[in-house]
Amino acid sequence: MSTASKLDRNLTLEAVRVTEAGAIASFDWIGMGNEKQADQAAVDAMRNALNGLAIRGTVVIGEGERDEAPMLYIGEDVGAGHKNGTGPEVDIALDPLEGTTITAKAAPGSLSVMALSEKGMLLNSPDVYMDKIAVGGGLPEGVVDLDNPVSENLASLADAKGCAIADLTVCVLDRPRHSEIIKECRAAGARIQLIPDGDIAGVIATTDPETAVDIYIGTGGAPEGVLAAAALRCVGGQMQGRLVFRNADEKERAHRIGITDLARKYSMEEMAAGDVIFTATGVTSGGMLRGVRRQHGVIITDSVVMRSKTGTIRRIEGRRRIAS
Ligand code: VTB
């Protein structure tokens with residue numbers, strides 16, 4: 001799909017400022033036991049930074065619906081371009097602090113995350129759960145499928161990778177709801193890497209041979225699912241997701257944003273289409289990125305920014321002098 005993109009490539013670098021701002025603002029709340037404040041700090045800073053970009057942006061995945069989130073709510077217009085009608089129209093999915101609990105506990109692996117796309121290209125998902133399966137790049141299309149039994153997926157993946165199931169590591173969120181998946185994986189002989197939170201990083205880990213994670217399976221947040229799909233579109237990999245509704249209210253939320261087929265299985269491309277930019281900045285250090293740190297009057301951030309159109313992945317270290 002190499003049609004002309006409406007996203008200027010310079011936007012890739014501009015976008016990093018937004019997650020850098022979110023991460024830096026969260027820094028003061030690392031280890032302070034206050035998830036809400038940590039999240040709020042990231043939200044405020046990210047919104048400010050977004051409003052400095054020359055875009056006409058709309059939040060499609062954010063902090064919640066308008067009545068529950070005063071800032072970065074779904075449908076909120078952000079970007080300096082709205083004032084004078086300039087700049088590309090973009091849709092924005094963000095998670096100012098992916099891993100609020102991780103941050104509050106100063107545990108590893110929290111991130112500030114955002115994806116940008118051309119208008120209408122990101123799945124407008126309600127804040128419900130999503131069943132997800134993901135693998136990295138270079139594998140035959142359809143090597144795993146959300147609807148196949150776990151053992152079948154593992155056998156197929158092992159076959160495609162030319163290894164034994166015993167050589168596979170499955171990344172799973174550490175939740176009681178995953179006890180069956182964990183049991184099935186171990187029964188098939190695979191290892192499990194349990195993560196406390198942060199399944200965007202869990203999905204991305206499947207794409208990085210350094211992590212030893214081969215596949216991500218399980219149910220996590222749907223917004224995080226769309227963000228992970230955006231990342232995988234850039235870095236290469238396969239992912240499928242299906243929304244999970246626990247009650248009538250959640251179904252109603254889906255209907256309100258135009259989702260009619262509640263049982264639909266989404267491919268990665270259906271969750272994040274067209275030209276997509278994905279950026280993440282580490283808040284606390286993890287396998288993917290180092291966290292924010294302060295050294296001798298300088299605040300240092302580590303970010304990654306990627307673009308699907310070109311498949312470019314950049315690692316960016318930011319150093320900012322702290323005003324004294
Ligand atoms: C996951 C995880 C997130 O939500 O999506 C999870 O990646 C799913 O919800 O970091 P539960 O915590 O209810 O299982 C987070 O933990 C928080 O957004």
Side-chain angles (χ1 to χ4, degrees), residues 19 22-23 26 29-30 33-43 46 59 61-65 68-69 72-74 93-115 123 125-134 146 170-182 192-207 211 213 215-232 239-247 249-250 253 266 271-272 278 280-289 291:
T19 53
S26 311
W29 295 99
I30 294 173
N34 194 332
E35 303 181 10
K36 280 215 162 69
Q37 286 291 353
D39 194 46
Q40 192 58 51
V43 169
M46 223 166 165
V59 175
I61 288 189
E63 287 294 287
E65 294 192 30
E68 61 195 21
L72 299 180
Y73 55 84
I74 297 167
L94 43 82
D95 194 346
L97 189 52
E98 156 65 336
T100 50
T101 310
I102 294 176
T103 306
K105 292 180 175 173
S110 56
L111 303 170
S112 185
V113 182
M114 178 172 77
L123 174 65
S125 159
D127 187 5
V128 296
Y129 283 107
M130 179 188 274
D131 287 338
K132 311 172 193 178
I133 190 163
L146 201 52
V170 187
C171 181
V172 181
L173 266 176
D174 192 1
R175 298 289 186 277
R177 63 177 178 266
H178 291 144
S179 61
E180 268 314 301
I181 291 174
I182 293 169
I192 299 280
Q193 182 182 103
L194 282 175
I195 53 170
D197 278 298
D199 69 348
I200 297 178
V203 168
I204 296 173
T206 63
T207 68
T211 64
V213 171
I215 177 168
Y216 175 89
I217 310 180
T219 309
E224 288 89 344
V226 175
L227 281 157
L232 248 56
M239 180 174 173
Q240 292 175 330
R242 179 179 281 122
L243 300 175
V244 177
F245 300 99
R246 292 171 300 174
N247 51 48
D249 173 58
E250 291 190 349
R253 280 164 183 256
Y266 294 93
M271 292 191 266
F278 175 91
T281 302
V283 177
T284 58
S285 291
M288 188 173 146
L289 290 163

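We number each residue from 1, following the sequence as shown. We count ligands from 1, going down the list as the structure has it; atoms in each ligand are counted the same way.
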*Which is it for T101 and ligand 1 at heavy atoms under 4.0 Å: side chain, backbone, both or neither?*
neither
*Can you find an N or O of G198 that's nearer than 3.5 Å to an N or O of ligand 1?*
yes
*Would you say ligand 1 has an N or O under 3.5 Å from any N or O of L173?*
no
*asked:* So does D199 get a backbone contact from the side chain of E98, meaning a donor-acceptor N/O pair under 3.5 Å?
replied: yes
*Under the criterion side-chain contact (heavy atoms from CB on, under 4.5 Å), which of V170, I192, I217 is the partner of I182?*
I192
_Any donor-acceptor N/O pair, K132 side chain to L146 backbone, under 3.5 Å_ = no
*Under 3.5 Å, is there a donor-acceptor pair between the side chain of S110 and the main chain of T284?*
yes
*Only one of L111, I102, T100, I30 passes side-chain contact (heavy atoms from CB on, under 4.5 Å) with V283; say which it is.*
I30
*asked:* Which option wins on minimum heavy-atom distance to atom 16 (O) of ligand 1: D127, I200, D197?
replied: D197
*Taking only heavy atoms of D199, which atoms of ligand 1 are found under 4.0 Å from at least one of them?*
1 (C), 2 (C), 5 (O), 7 (O)
*asked:* What protein heavy atom lies closest to atom 8 (C) of ligand 1? Include the residue and the distance to one decimal.
replied: G221 N, 3.5 Å
*May I ask you to check if ligand 1 and K132 share an N or O to N or O distance below 3.5 Å?*
no
*Any donor-acceptor pair under 3.5 Å linking the side chain of E250 with the backbone of V128?*
no
_Residue, atom name and distance, where the atom is the protein heavy atom closest to atom 9 (O) of ligand 1_ = Y129 CE2, 3.4 Å
*For atom 4 (O) of ligand 1, find the nearest protein heavy atom and state the residue, atom name and distance (0.1 Å precision).*
E224 OE2, 4.0 Å
_Distance under 4.0 Å to a non-hydrogen atom of R175: what atoms of ligand 1 satisfy this?_
11 (P), 12 (O), 14 (O), 16 (O)
*Is the backbone of A205 close enough, under 3.5 Å, to the side chain of T211 for a donor and an acceptor to pair up by distance?*
yes
*asked:* Side chains of T19 and T281: any donor to acceptor distance under 3.5 Å?
replied: yes
*May I ask you to check if ligand 1 and D95 share an N or O to N or O distance below 3.5 Å?*
no
*At what distance is the nearest protein heavy atom to atom 3 (C) of ligand 1, and which residue and atom is it?*
E98 OE1, 3.4 Å
